[in-house]
**Q** 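Here's a structure for you.
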Amino acid sequence: MTRWNTSHIPDQTGRSAVVTGANSGIGYITARELARRGARTVLACRNEARGHAALARLRSEVPAARAEFRRLDLADLKSVRAFAAGLDDFDGERLDLLVNNAGVMALPHRRTADGFEMQFGTNHLGHFALTGLLLPKLLGTPGARVVTVSSGLHALGNVRLDDLNSEHGYHRWIAYGRSKSANLLFVHELARRLAEAGSQVVAAAAHPGYADTNLQSAGVRMEGRTGAERAVALANRVIGQPAESGALPTLCAATAPHMKPDAFIGPRNGLRGATAPSFRAPWTRNDETSARLWEASEELTGVRYDFS
């Protein structure tokens, strides 16, 4: 059986896509390949200089691309709301694909502009708010999908509903795992609510395995730990797969026909290899936890979903 690869991406002409964190790594590859297949694509990135540089690179690699950069800082709910409001002029009422890709990993303790623990606030709450604000466009587009990028490291821990912001002790890797479990609980509950509303929008999740990107080194670089940064770079080269391979599960979840709601796609062996359904901790399909996290997320962000 042929491994799934970018040649399997159906023609995306006439479709529109938003990819968060598209300035580098798997986000950039995802945006580039969607644009290569004809999608009108928004690179939604926090850093303007890096976003414009990524757009220039994409246009050099795909000269016919219909792509643009728009600023989005998921760690600031004002920015999320401004981005969503500004998207009103993008492709009319249509949005075929939202790829919730951007994220931070294993940072020293930090807070978002709204006071949330940075990993939970960026990886989960920012994307929760963004998806809710863009939901009318998605609901109005036949065949629309929401793909949220989680991680195999979600298995490090389930969310703590009584301590979502890690106020009673902070461990960077546990906090990361909890934020990635939150991603999967979000997808689970979103898929359930879409089905209950009779919507055909598909909510699915993906993870890249161990991909050689700058995500792993951000935390140690922030602390000036040069030795640790060199160790991470070495591990990326020895263990990690190229970003092009790491992006395949996301692209598969985003474009493969007949993708099932609440699917979780990743490399077959967890770190690298052929794209396949991925291991998923059982707590990420717990209906009670996903519903309570959803309610808490609406309260924290002030974004309430309307499926009508």
Side-chain angles (χ1 to χ4, degrees), residues 1-9 17 19-22 24-34 97-106 119 123-124 127 131 145-159 173-174 176-191 202-216 235-236 238-286 290:
M1 182 176 178
T2 304
R3 286 187 175 192
W4 197 94
N5 58 57
T6 54
S7 71
H8 295 100
I9 298 175
V19 182
T20 69
S24 65
I26 65 172
Y28 172 77
I29 302 301
T30 299
R32 184 191 69 191
E33 294 308 313
L34 291 171
L97 177 60
L98 172 60
V99 181
N100 292 323
N101 162 81
V104 292
M105 173 192 276
Q119 297 189 83
N123 297 350
H124 170 62
H127 282 128
T131 305
R145 290 189 192 181
V146 178
V147 175
T148 300
V149 178
S150 181
S151 168
L153 292 179
H154 77 276
L156 289 173
N158 193 6
V159 296
W173 284 107
I174 299 300
Y176 177 71
R178 288 173 177 167
S179 75
K180 294 287 107 177
S181 281
N183 288 153
L184 289 171
L185 286 162
F186 166 60
V187 170
H188 179 69
E189 186 67 10
L190 178 58
V202 171
H207 78 92
Y210 193 145
D212 181 6
T213 70
N214 61 13
L215 179 67
Q216 296 90 340
N236 281 6
V238 174
I239 304 172
Q241 59 179 345
E244 283 79 1
S245 299
L248 290 179
T250 300
L251 286 163
C252 180
T255 66
H258 313 301
M259 183 59 55
K260 292 182 179 180
D262 205 21
F264 186 32
I265 308 299
R268 188 178 299 280
N269 75 356
L271 294 178
R272 58 195 303 150
T275 297
S278 180
F279 162 78
R280 182 170 179 170
W283 61 70
T284 65
R285 286 199 175 99
N286 184 286
S290 65

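One-based numbering along the sequence shown.
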**Q** Mind listing the closest non-hydrogen atom pair of Ala206 and Val147 along with its distance?
**A**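 It is CB-CG1, 4.5 Å.
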**Q** State, to 0.1 Å, how close Leu271 and Asn269 come at their nearest heavy-atom pair, and which atoms those are.
**A**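 Reported closest heavy-atom pair: N-OD1, 2.9 Å.
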**Q** Classify the ring geometry between His124 and Phe186 as parallel (under 30°), tilted (30 to 60°) or perpendicular (over 60°).
**A** perpendicular
**Q** Tell me, with the steps shown, if Thr30 and Asn101 meet side chain to side chain donor-acceptor pair (under 3.5 Å).
**A** CA-CA 9 Å; Thr30 299; Asn101 162 81; 5.5 Å; no
**Q** Can you confirm whether Leu185 sits close enough to Asn158 that some side-chain heavy atom of one is under 4.5 Å from a side-chain heavy atom of the other?
**A** yes
**Q** Considering only heavy atoms from C-beta outward, does the side chain of Leu248 approach that of Arg3 to under 4.5 Å?
**A**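 Sidechains of Arg3 and Leu248: no contact.
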**Q** Taking all non-hydrogen atoms of both residues, which atom of Ile26 and which atom of Ala243 are closest, and how far apart?
**A** CG2-O, 3.8 Å
**Q** Write down the atom of Leu34, the atom of Ala17, and the distance for their closest heavy-atom approach.
**A** CD1-CB, 4.0 Å
**Q** Kindly compute the distance separating OG (Ser179) from CE (Met105), expressed to the nearest 0.5 Å.
**A** 9.0 Å
**Q** Would you say that Tyr176 contacts His154 through its side chain, given a criterion of any heavy-atom pair below 4.5 Å between the two side chains?
**A** no
**Q** Please give me the minimum heavy-atom distance between Lys260 and Ala204, naming the atom from each residue.
**A** O-CB, 4.3 Å
**Q** Could you grab the distance from atom CZ of Arg280 to atom CG of Leu184, nearest 0.5 Å is fine?
**A** 5.0 Å
**Q** Would you confirm whether Arg145, through its side chain, and Ala253, through its main-chain N or O, come within 3.5 Å as a donor-acceptor pair?
**A** yes
**Q** Rounded to the nearest 0.5 Å, what separation is found between the OG atom of Ser245 and the CG atom of Asn5?
**A** 10.0 Å
**Q** Report the distance from atom CZ of Arg178 to atom CH2 of Trp173, rounding to the nearest 0.5 Å.
**A**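 So the CZ of Arg178 and the CH2 of Trp173 are separated by 15.0 Å.
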**Q** Side chains of Arg32 and Glu244: closer than 4.5 Å at any heavy-atom pair?
**A** yes
**Q** If we only count heavy atoms from C-beta on, is the Phe264 to His207 side-chain gap below 4.5 Å?
**A** yes
**Q** Looking only at atom types and distance, does a side-chain atom of Ser181 sit under 3.5 Å from a main-chain N or O of Gly157, one as donor and one as acceptor?
**A**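 Confirmed, Ser181 side chain pairs with Gly157 backbone.
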**Q** Under the criterion side chain to side chain contact (heavy atoms under 4.5 Å, CB included), I'd like the reasoning laid out for Ile265 against Met259: C-alpha separation, chi angles, the key distance, then a yes or no.
**A** CA-CA 10 Å; Ile265 308 299; Met259 183 59 55; 4.1 Å; yes
**Q** For Ala203 versus Ala191, what's the shortest heavy-atom pair and its separation?
**A** CB-N, 4.1 Å
**Q** Measuring from atom CG of Asn183 to atom OG of Ser151, what distance do you get when rounded to the nearest 0.5 angstrom?
**A**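 OG of Ser151 is found 9.0 Å from CG of Asn183.
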**Q** Measuring from atom CG of Leu251 to atom CD1 of Ile9, what distance do you get when rounded to the nearest 0.5 angstrom?
**A**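 That separation rounds to 4.5 Å.
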**Q** Look only at the side chain of His127 and the backbone of Asn123, and say whether a donor-acceptor pair between them is shorter than 3.5 Å.
**A** yes
